[in-house]
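Heads up: the structure comes next, in structure tokens.
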Amino acid sequence: MNKKKLLLAEDDELLASLLQFRLKKGGYDVSHSADGKQVKEHLALSMPDIIVSDIMMPYFSGIELIDYVRNELKSKIPIIIISSAGNEENVLNAFELGANDFISKPVSPSELLVRVARELNKN
Amino acid sequence: MKPKDLLFQLSHLESRLNDFSYEKLNTEEAEHLKKSFQSFKRNLLEKISPSNAKSHIGHTGTSQILKRTLQSFEKSANMLDGAIADLNIDTYDAIIEHYKSYGAVLKSLKIESAMKKGNRSTLIFNKSTSSLIDSSETVDLKPILKECMGEIDLLTELVQLYEQNALEFIGATKIHLQTVDFKQIGLAAHKIKAGLAMMKTKGLHSIILQIEHVCNKDKDIKHLRFLCDCFAVEFPIVRRGLHDALTDLRENKG
């Protein structure tokens with residue numbers, strides 16, 4: 001069975017390491033990008049089945065990423081955003097631009113796994 | 001007492017508060033005290049200059065606000081070992097007299113006595129001796145190990161990343177404090193915040209939240225320097241705690 005491809009866009013290596021580990025254990029083919037430039041490069045090469053992205057990233061924010069995926073790439077792949085508490089305005093922007101779900105920091109890997117599975121099942 | 005004299009005394013008191021509060025109080029108390037004082041001052045100004053007051057608040061309303069503010073200030077003062085628990089809010093003169101003694105009272109507070117209170121922050125930093133007084137925060141890595149599904153090597157890697165992030169943050173603050181760049185320090189704080197919360201290091205996380213707040217809202221460089229100092233001093237203690245916890249977990253696992 002083919003593993004679902006997941007792109008994790010997160011500049012915090014500490015969080016990214018834990019999430020990568022758990023997502024891989026959860027059966028996903030995980031790629032990690034630490035900033036917006038890497039995300040764009042990755043998307044140019046191959047489109048994942050789902051994106052999990054932080055909002056605040058260097059070069060290219062999670063908000064810009066959603067806009068890019070929805071409006072330039074014209075893709076409807078699920079996007080789950082990761083946001084810090086107190087960042088409600090950005091979360092609203094993200095939803096307006098087409099984010100499917102959000103999870104707040106500190107991220108519980110178990111919760112993220114459930115949300116990822118739910119979004120993929122919807123599709 | 002004339003309003004002008006009252007304001008003069010308040011300004012004097014404010015400068016004295018700024019001088020001692022961050023050095024003698026823990027971070028939360030200093031923050032609370034400062035906010036209470038600012039609220040008191042703002043409302044007092046409204047009282048003295050009715051034109052600045054909101055139109056819908058009459059004389060009685062303003063008095064009520066002032067009284068509530070004073071009560072709030074009194075509440076925050078009571079946190080300080082009840083040293084000025086007898087604060088009298090009946091007259092401005094009495095308040096000012098109390099405030100005049102505030103500095104002396106606070107300066108006489110012993111750090112050791114503060115540490116005896118279980119609910120106080122562990123972050124009491126005495127600049128005069130440049131030493132941090134103990135830290136009772138213990139680090140529990142078991143929840144993180146559980147998230148790592150028992151993989152101790154992954155946990156070790158996370159601890160290393162945690163340390164690296166904290167050191168990078170300390171380096172960034174040293175650079176950006178020189179140029180008083182609130183934005184960059186705020187961004188650096190934001191970046192490290194989730195990791196601190198994830199590793200359940202509450203003391204450092206609390207400092208980072210305050211640093212972020214100061215950078216985004218207060219923009220008080222003196223307070224920011226103090227908080228950054230606190231972080232730099234507290235971090236090695238937390239690091240030792242992390243290493244000890246990691247060693248314990250390794251030994252128990254072995």
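Throughout, protein chains are lettered first and strands after them, A, B, ... in sequence-line order, and every chain is numbered starting at 1.
At a threshold of 4.5 Å between non-hydrogen side-chain atoms, the residues I80(A) and F102(A) do not count as touching. Within the 4.5 Å cutoff, no side-chain heavy atoms of D248(B) are placed close to those of K142(B).
Looking at I144(B), there are no atoms closer than 4.5 Å to chain A (heavy atoms on both sides), in backbone or side chain. For Q160(B), no part lies under 4.5 angstrom from a heavy atom of chain A. Of the two parts of L158(B), the backbone and the side chain both hold a non-hydrogen atom closer than 4.5 Å to a non-hydrogen atom of chain A.
A donor-acceptor pair under 3.5 Å links the side-chain atoms of R22(A) to the main chain of E147(B), judged by distance alone. Judged purely by atom type and a 3.5 angstrom limit, K219(B) uses its side chain to pair as donor or acceptor with the backbone of C215(B).
By the side-chain hydrogen bond (donor to acceptor under 3.5 Å, both in side chains) test, N71(A) pairs with D67(A), sequence neighbours left out.
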* Asked: Checking salt bridge (charged side-chain N to carboxylate O under 4.0 Å, His left out) for the pair E119(A)/R115(A): CA distance, chi angles, key distance, verdict?
  -> CA-CA 6 Å; E119(A) 286 306 321; R115(A) 287 176 187 267; over 6 Å; no
* Asked: Step by step, would you call R118(A) with D101(A) a salt bridge (charged side-chain N to carboxylate O under 4.0 Å, His left out)?
  -> CA-CA 10 Å; R118(A) 192 178 63 182; D101(A) 198 0; 2.9 Å; yes
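Annotation: residues 24-60 of chain A contacts chain B through K25(A), M56(A) [non-hydrogen atoms, separation under 4.5 Å].
No side-chain N or O of R225(B) forms a donor-acceptor pair with one of T173(B) less than 3.5 Å apart.
Chosen from L14(A), L15(A), D12(A), the residue pairing most often with chain B at heavy-atom distances under 4.5 Å is L14(A).
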